Amino acid sequence: MASDSKYTAQQIQVLEGLEPVRKRPGMYIGSTDARGLHHLVFEIVDNAIDEAMAGHCDTILVTLLPDGSVSVEDNGRGIPVDIHPTAKKSALEVVLTTLHAGGKFGGEGSGYKVSGGLHGVGSSVVNALSIHMKAEVHRDGKVYVQEYKRGKPLADVRSTGKTDKRGTIVTFTPDEEIFDTLEFSLDTLLTRFRQQAYLTKGITLGVMDARAERPELDRVWPRLYRFSFEGGISAYVSHLNEAQEKIGSPIAFEKDTPDGQVEVALQYTQSFNEHVLSFANNIHTSEGGHHLTGFKAAITRTINAHARKFELLKEKEENLSADDVREGLTAVISVRLREPQFEGQTKAKLGNAEMKTAVETVVNDKLAQYLEENPGEARDIVAKCLLAARARMAARAARDSVIRKGALEGMTLPGKLADCSSKDPTQCEIYIVEGDSAGGSAKQGRNREFQAILPLRGKILNVEQARLDKMLANNEIKNLIIALGVGIGEVKDMTRLRYHRIVIMTDADVDGAHIRTLLLTLFFRYFPELLDNGNLYIAQPPLYKIQKGKDIEYAFTDEQKEGVLKGWGVAGVEEQEESDSTSLEELRGASEIEENEDKKSIKKSARVNIQRYKGLGEMNPQQLWETTMDPENRLMLRVTMDDAEKANAIFTTLMGSEVAPRRKFIQTHAKGVKNLDI
Ligand code: 2B7
């Protein structure tokens, strides 16, 4: 490359050492939990992707190794190794041991027009937080190596031999002093790299899981996953719409403008949901920004203009609203610019105003042209938007009447709700309980001070396939929304939430799982704030009650049950098929243990009674309190939305109208559904 020769080590800015990173890791990688741990890999891979975006590398391989380390390899130019004139050491060492090194890498000569991640400062941060790191550079026919411990070089950069390869290999072991967990989630890595591969057309991203061999699980070891999408963001849109009934094929445009590069792909589906993802320099801008604003404005304008021009919209009809044209729309917007400004709470909003016009102009021109050239598809799209407009008007009318009647106001709490006496929302909990009988037990067993109970009868409506008007006509849902006190749609106000803990309590069977999924869908679609704020929980009733004499233990898993039995010196007891444990049996058990105590020995044959709970209804109020509702003893799963996109995909697959993907999902996941991770 011509730019290589002009590029020298002096262009690196030296700022400061790495001590601040180890002192306050959160400032650099957000947190030291699993999320922060994965961030390390993303930082290193981002550097390799920058090298790819500059046109110098097309393959990146990430390997998880058995010793807990991760290795990232690219086939780029290799990090420069020449001596930095002021620092008097190798550029490689400067890049990996100084904070903010690389501030000038983005400038002229590096070939880096744009950059993702922390703009190249990431490698040194990762180095500081690793107990060990090794950097290997293949450049100009030679291999150069340097190793580090907690960010400090163990020796100077040295040349170890000849090579005919080009590129950089970075291997690091996260420091257990820093991180709460050292276990990488293959799933998290794959999701991220798949996304990156879609956004960077032409690169191949590989992930190799070469951690400990587990012959019982893995027939193929190590496992290699490979992502390479010639279709780029168009392929991404197809992927997002896999489970949907599609209108036409993905439409894609791209243009290099003086302000930056714009790429857009979109496709309509028959679903009610909008799924628009925006990126700036490969970073997901979840808070949107000017590129997204420009896109939305252009879609609304162009579809209206087309509908008018071809008289698909009658003269007396109102224009389609921005919401109407986004219903059922799936789109990916990706812009690349020289100096991206990231704003907002999570720095996930693009602040460059010039990107509004850039995206808007591209979409206006190219979408108008596409619609004219594909009149059939255009007609279907406009028809879908018109349907949305009409439904929206019907929904508004229905909602207005519901609101007018005061049905959603906090005044008239549902009759089925057993409310708590505290009025302090931060202290209050609401249990949404499956069925009236379990609801009855919960009402009797609860702590009235801060626990409210709302029993739901049967299955609630599947909200994925229903609109707001239909939903509000469903009594179970209406009751729930009234009880929460927050309203819905345009009158939603989350500050009026009456309970800060919302607990879903269903049976441990298929029906229970179904009801739970329906409730989660409702919350995910209409009250995502509850997921973001961690208000939503799933109660974990025990699976077994194990009783020997007066001793009663509850077990939440099979392993726990075995543990209890072992602890009691009994093994291999057969499960008793009992639906209820009467007081008579309890008495009988009690006398037996007294006998045993007389003999001062525990007999193996002592009567052990194991009850497998099939439903919440099998527990009496006291048991339900002790095992599932008492804050001192209970086990609850907090529902989080770590990865909104993945959650959305799962919801669409599970709850949407297409049947084949759902069957596939259930078949692949049926065995592994233990902990909920949406
Ligand atoms: C801002 C810093 C970090 N860098 C270069 C050149 C190539 C290059 C890198 C990289 C991750 C793991 C394998 C530029 C950029 C440093 O300056 S970083 N490749 N790959 C990487 O980190 N992969 C470069 C101009 C001329 N020659 C080389």
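Being a predicted model, the structure only gives us computed values, none of them experimental. We count ligands from 1, going down the list as the structure has it; atoms in each ligand are counted the same way.
- Residue P80 places a heavy atom less than 4.0 Å from ligand 1.
- When the heavy atoms of R166, E136, R77 are ranked by distance to atom 24 (C) of ligand 1, first place goes to R77.
- For atom 23 (N) of ligand 1, the candidate residues are V62, D74, N47; the nearest heavy-atom contact is made by D74.
- Remark: the Q341 side chain and the N352 side chain contain no N/O donor-acceptor pair separated by less than 3.5 Å.
- A donor-acceptor contact under 3.5 angstrom links the side chains of H84 and T86, judged on distance only.
- Of the listed options E73, R139, H56, R139 places a heavy atom closest to atom 27 (N) of ligand 1.
- No side-chain donor from either of Q195 and H284 sits under 3.5 Å from a side-chain acceptor of the other.
- Using cut-offs of 30° and 60° for the angle between ring planes, the F184 and H38 rings count as perpendicular.
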Is there a ring-ring contact (aromatic ring centres under 6.0 Å, His included) between F227 and F193 once you walk through the steps?
CA-CA 8 Å; F227 301 117; F193 296 141; 7.9 Å; no

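- Close approach to I44 involves these atoms of ligand 1, each under 4.0 Å from a residue heavy atom: 11 (C), 12 (C).
- Taking each of G78, A54, G167 in turn, the one with a heavy atom nearest to atom 28 (C) of ligand 1 proves to be G78.
- In summary, the side chains of H132 and T173 do not present any donor paired with an acceptor at a separation below 3.5 Å, with no hydrogens or angles considered.
- Every atom of ligand 1 with a heavy atom of V72 under 4.0 Å away is listed here by number and element: 12 (C), 13 (C).
- With a 4.0 Å cut-off on non-hydrogen atoms, V95 touches ligand 1 through its side chain and not its backbone.
- Cation-pi geometry between R192 and F42 is satisfied (NZ or CZ under 6.0 Å from the ring centre, within 45° of the ring normal).
- Within ligand 1, the atoms closer than 4.0 Å to a non-hydrogen atom of E51 are 6 (C), 7 (C), 8 (C), 19 (N), numbered from 1 in the order shown.
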